[in-house]
Amino acid sequence: MQLFIALPTKADTWRYAIEESLTDIQGVYASRFKKIIEENSTHKVLLYPFGTLGESTDLLEQAQAGLLQFVDQSPGFIGTLIPEAQVFLLPYVLPEKHSEIAYFFKHSKTIHQTFHKLYGEQDLELLTMFPEGNVAITTREVFRSKAGLSGMKIRVMSSPLLIETYKAFGAVPTPLPTGEIFGALQTNMIQGQENPWFYLESAKLYEVSNVITEIGHNLYTTAVMANKKFYESSTLADQALISRATKAATDFIIEYQRELEVSAKLTIKKSKPNVQYITLTDAEREPFRQSAKKVQSKFIEATGPSGKAILKQLKEDLNDAKNR
Ligand code: 6CS
């Protein structure tokens, strides 16, 4: 009779850095991932919230070098390394309906096949992408048209495509690291910035803004990657556990992030009753939608046949998600 003694996988400490705080969406995702890993193995997952290991670009380098086993990095930052990743920043492309958003992020071939290969070429194992809510624009003054944004310095993440977007919207795009947004708004070095509602509340960006405007142009998306060498050298059992934790945390966060927009709007209004909320009408959005076509051309100009094919695949994925 043969005895098979299950050798326990040696206990490792895995380091996982995020671009937000532990109570923000990326932190809630990472905490759920950590819980599942630690409840089902002898491994420990150490979470590093924003600010502990530097800016987003520092985190990416540490993940590629294998100093971190996991990293959360949004397309707004990784776009300089993987230009095609900026397809998630194109205005007026991603869905607004929750059921379509949920289906798209779970089934998109762009994410689970094409991007998996692209990130792999950068020593990154793409594990998941998930939404963090509709993006709104904070400013000092009211605007309801592109002319209203004219001359306004609007902070964007360091993405060539976001720079093109705000140029096309009539503003003066101003790339700044995350850690400098609040101070730049406070000193009027910039007059506005864009972020999802939960972040406007959690980073207290509303405190240094007077107007928050929805033009319906985008959904904030982020991505979680493992260091590729670490992932590929992990045991099959650990790879299966990482996939299981990733799927469970993704399914949870897609639903969790949905409610935060309403609660953030209420919290901001309670903290700053005189803040103005503006939602542009369809007619007011039309000039911004027209400008978005120019941004798509700029994306294809910058990424060539690869980007063109990715945009086509993304639109097929979105069509597949329609009416789900
Ligand atoms: O705008 C930013 O830089 C930050 N915004 C969000 C929603 N997450 C992290 C990112 O660095």
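Each ligand, and each atom within it, is numbered from 1 in the order the structure gives. If you're wondering where the values come from, they're calculated on a predicted model, not measured in any experiment.
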Quiz item: How would you list, by chain and number, every residue that makes a ring pair (Phe, Tyr, Trp, His ring centres under 6.0 Å) with H107, sequence neighbours excluded?
Solution: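 Partners of H107 by the ring pair (Phe, Tyr, Trp, His ring centres under 6.0 Å) criterion, ordered by chain and then number, come out as Y103.
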Exercise. Name all pairs fulfilling the ring pair (Phe, Tyr, Trp, His ring centres under 6.0 Å) condition that reach into residues 54-75, sequence neighbours left out, sorted by first residue then second.
Key: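 Checked against ring pair (Phe, Tyr, Trp, His ring centres under 6.0 Å) - neighbours excluded - the pairs reaching residues 54-75 are W14-F70, Y16-F70, F33-F70, F70-F230.
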Quiz prompt | Residues forming a side-chain contact (heavy atoms from CB on, under 4.5 Å) with E121, sequence neighbours excluded | solution = K117, L118
Practice problem: Could you check I111, L219, L161 and say which one makes a side chain to side chain contact (heavy atoms under 4.5 Å, CB included) with F88? | Solution: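 The option that passes is I111.
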Self-check item: Pair E19-T178, side-chain hydrogen bond (donor to acceptor under 3.5 Å, both in side chains): steps then yes or no
Solution: CA-CA 9 Å; E19 297 173 327; T178 310; over 6 Å; no
Return a table of N or O atom pairs, ligand 1 on one side and protein on the other, at distances under 3.5 Å, rounded to 0.1 Å.
unit_1: ligand 1; atom_1: 1 (O); unit_2: R155; atom_2: NH1; d: 2.7
unit_1: ligand 1; atom_1: 1 (O); unit_2: N195; atom_2: OD1; d: 3.3
unit_1: ligand 1; atom_1: 1 (O); unit_2: N195; atom_2: ND2; d: 3.0
unit_1: ligand 1; atom_1: 3 (O); unit_2: R155; atom_2: NH1; d: 3.4
unit_1: ligand 1; atom_1: 3 (O); unit_2: R155; atom_2: NH2; d: 2.9
unit_1: ligand 1; atom_1: 3 (O); unit_2: T178; atom_2: OG1; d: 2.7
unit_1: ligand 1; atom_1: 5 (N); unit_2: N195; atom_2: OD1; d: 2.8
unit_1: ligand 1; atom_1: 8 (N); unit_2: E20; atom_2: OE2; d: 2.8
unit_1: ligand 1; atom_1: 8 (N); unit_2: Y220; atom_2: OH; d: 3.4
unit_1: ligand 1; atom_1: 11 (O); unit_2: T178; atom_2: OG1; d: 2.9

Quiz item: Side chains of Q64 and L81: does their closest heavy-atom pair fall under 4.5 Å?
Solution: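 In short, these two side chains touch, coming nearer than 4.5 Å.
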